[in-house]
Amino acid sequence: MSKLQPVRGTADLLPDVMAQHRLVIDTARQATARYGFQEMATPIFEFSEVFSRPLGESSDIVTKENYSFADRGGEQLTLRPENTAGVVRAMISGGLTQSLPLKYFYAGPMFRYERPQKGRMRQFHQVGIEYLGPNDALADAEVISAGARFLAQLGVLPHCVLHLNSLGDAESRAAYRAALVSFLQTHESALSDDSKRRLVVNPLRILDSKDTGDRDILQTAPKLQDYLNAVSKAHFQTLTTALDAAGVTWVFDPLLVRGLDYYCHTAFEFVTDALGTQGTVLGGGRYDGLSEMLGGPAVAGVGWAAGIERLAMLAGDAAVVVPKVAMLSTDPETDLAAFQLAETLRDTGVDIEFPTAGAIGKKLKKAARSNIRLAIILGGDELAKNTVQLRDLTTGTQAEIAMADLADAVAAALLAP
RNA sequence: GCGGGUGUAGCUCAGUUGGUUAGAGCGCCAGUUUGUGGCACUGGAGGUCGCCGGUUCGAAACCGGUCACUCGCCCCA
């Protein structure tokens, strides 16, 4: 690495990309605020156990895919790989279980040590919501509707399909898991090597295997929905009825699963085929068991997270906000007066560009190229008369006006179409 | 972690079977225009050909390694 380059899997967010991120974040905040979700933030790093306890100390995720380190005091810390655990930890730490329900929105960077691909960075960014407290299906419906509304406002919902499944409650899950494992064990020799391994560490994940041989076997495997008990069936029924009533379209995806035990009932993903293999754009579900795994009281929760990079790619270009007015001094003798005049105009609420170097011709050229609409030109002649030249760069018209009238003239010119 | 592809100027890319000072367009800078932009013309800057090593009289090109990006697998809290 002789050239100075960013760390693998990280990227600078230069203004045009940052504007896309800004649009995604602002749209998410506004869409979820409509449901009462309030923005909050947790620290970017936590004690490692916040992330390792729900996952299991020895899982691949914890041992291979987290950015973990000991700080100078010897504390084992981890850069957050996702934000749900941090939000639930904040609820427990702050005694917020006295104030349920909680509806939180967040946005920020997450860190996972994975092999980078398009739409999969080591530092990436997410927006998300968590709804803590309720365990009823209408809460799930509201969370999913908020996600759909966000994607719709961003203009990407037409490119996405909402996949929906029910994992059932703990009892249903356990019963299904046992049935699936015993079925797959009778077919173990025909499974792919990956799935043989998954059969031990995470059997539900075999359901979304991409191996064609595995898929053939799964044709005759026991179905998750056949193992849902009455409570689980009712939960899913209420959810889908509510989504239909809200006009949120969805498809049943019996192979959509979550591997970890604290998940239950609802699992959902908005998926696009426009981004290659990294197609999930917003995903989430219900995690009623998480708070207890973190050492807190039993508090139900449901939420989602969405990848800002992927959404930005789908949403396309966003406008970078730049000044529409430039203050141009013709020579060094008028620089200070122009600087002062620019300040007084900024006081009136106008964004002003003030190029400090170059001849007036160069300044005008630069202004025109950067889509500046109005150029205020101040030279010695004008300064002596307390006037400026106000030039409209789109029409090429120019007028001499008194400095006292400048703020009004600029405001009027910017209002014109 | 595994497999495939790619890497030449700020950007998009040429570069013949290995051959002498590595090119184009766009962009950038300057001039034609010393107080007025877009157009045009002229000129200029910018590259140890991702990096390291090897083969060779000679490497941007061939070989090995490495780094990064990319496509897929794995993982996906």
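Protein chains get the first letters and strands the later ones, always in sequence-line order, with residue 1 at the start of each.
- Atom pair Arg8(A):CZ and C51(B):C1' shows a separation of 15 Å (rounding to whole Å applied).
- Distance check on atom P: G31(B) versus U36(B) gives 13 Å, rounded to whole Å.
- The NZ-P distance, from Lys118(A) to C76(B), rounds to 23 Å in whole Å.
- One finds no side-chain N or O of Lys210(A) lying less than 4.0 angstrom from the OP1 or OP2 phosphate oxygen of G72(B).
- Taking atom P on both C49(B) and C62(B), the two are 15 Å apart, rounded to the nearest angstrom.
- Heavy atoms from other residues, nucleotides or ligands lying under 6.0 Å from OH of Tyr113(A) number 12 at most.
- Asp331(A) comes within contact range of no nucleotide atom at all, as no heavy-atom separation falls under 4.0 Å.
- In the set C74(B), U36(B), A77(B), the nucleotide with an atom closest to the side chain of Arg391(A) is U36(B).
- Looking only at atom types and distance, the side chain of Glu292(A) has no donor-acceptor partner in the side chain of Tyr262(A) under 3.5 Å away.
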Between the protein and nucleotides 27-29 of chain B, which nitrogen or oxygen pairs come in under 3.5 angstrom?
{"residue": "C28(B)", "atom": "OP1", "partner": "Arg369(A)", "partner atom": "NH1", "Å": "2.4"}
{"residue": "C28(B)", "atom": "OP2", "partner": "Arg369(A)", "partner atom": "NH1", "Å": "3.1"}
{"residue": "C29(B)", "atom": "OP1", "partner": "Lys366(A)", "partner atom": "NZ", "Å": "2.7"}

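- For Asn202(A), whose side chain is taken as the heavy atoms from C-beta onward, the closest listed nucleotide among C67(B), C76(B), C75(B) is C76(B).
- Listed candidates were C73(B), U36(B), A77(B). Nearest to the side chain of Arg205(A) is A77(B).
- Screening Leu294(A), Val299(A), Val50(A) for a side-chain contact (heavy atoms from CB on, under 4.5 Å) involving Ile92(A) leaves a single residue, Leu294(A).
- For the pair Asp211(A) CG and C74(B) C1', the computed distance is 12 Å after rounding to whole Å.
- For Leu393(A), counting side-chain heavy atoms from C-beta on, the closest listed nucleotide (C76(B), G37(B), C74(B)) is G37(B).
- No side-chain N or O of Tyr67(A) forms a donor-acceptor pair with one of Arg112(A) less than 3.5 Å apart.
- The residue among Ser209(A) and Gly119(A) whose nearest nucleotide of RNA chain B is located toward the 5' end is Gly119(A).
- Put simply, CZ on Arg120(A) is 13 Å from P on C69(B), counting in whole angstrom units.
- When distances run from any side-chain atom of Pro116(A) to the nucleotides C76(B), C74(B), C69(B), the shortest one goes to C69(B).
- Of the candidate nucleotides G35(B), A68(B), C75(B), C75(B) has the atom lying nearest to any side-chain atom of Arg198(A).
- Residue order along RNA chain B, read from the 5' end via each residue's closest nucleotide, puts Met121(A) first among Val257(A) and Met121(A).
- Taking the six-membered ring for Trp, Phe105(A) and Phe37(A) have ring centres at least 6.0 Å apart.
- Remark: A40(B) base-pairs with U32(B). Criterion, Watson-Crick or G-U wobble with two distances under 3.5 Å.
- Asn229(A) and Glu171(A) are linked by a side-chain donor-acceptor pair at a separation below 3.5 angstrom, with hydrogens and angles left out of the test.
- As rounded to whole Å, 15 Å separates atom C1' of U36(B) from atom CG of Leu374(A).
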query: Going 5' to 3' along nucleotides 3-8 of chain B, which nucleotides have protein heavy atoms under 4.0 Å from the base (write B), which only from the sugar-phosphate (write S), and which from neither (write -)?
result: B-----
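- The separation between Arg197(A) atom CZ and C73(B) atom P is 14 Å, rounded to whole Å.
- Side-chain contact of Thr387(A) with Glu382(A): a donor-acceptor pair under 3.5 Å is absent, judged by distance alone.
- Summarising the base pairing, G53(B) is matched to C63(B) through a Watson-Crick or G-U wobble pair whose two defining distances lie under 3.5 Å.
- Looking at heavy-atom distances under 4.0 Å, Gly9(A) makes contact with sugar-phosphate atoms alone, never a base.
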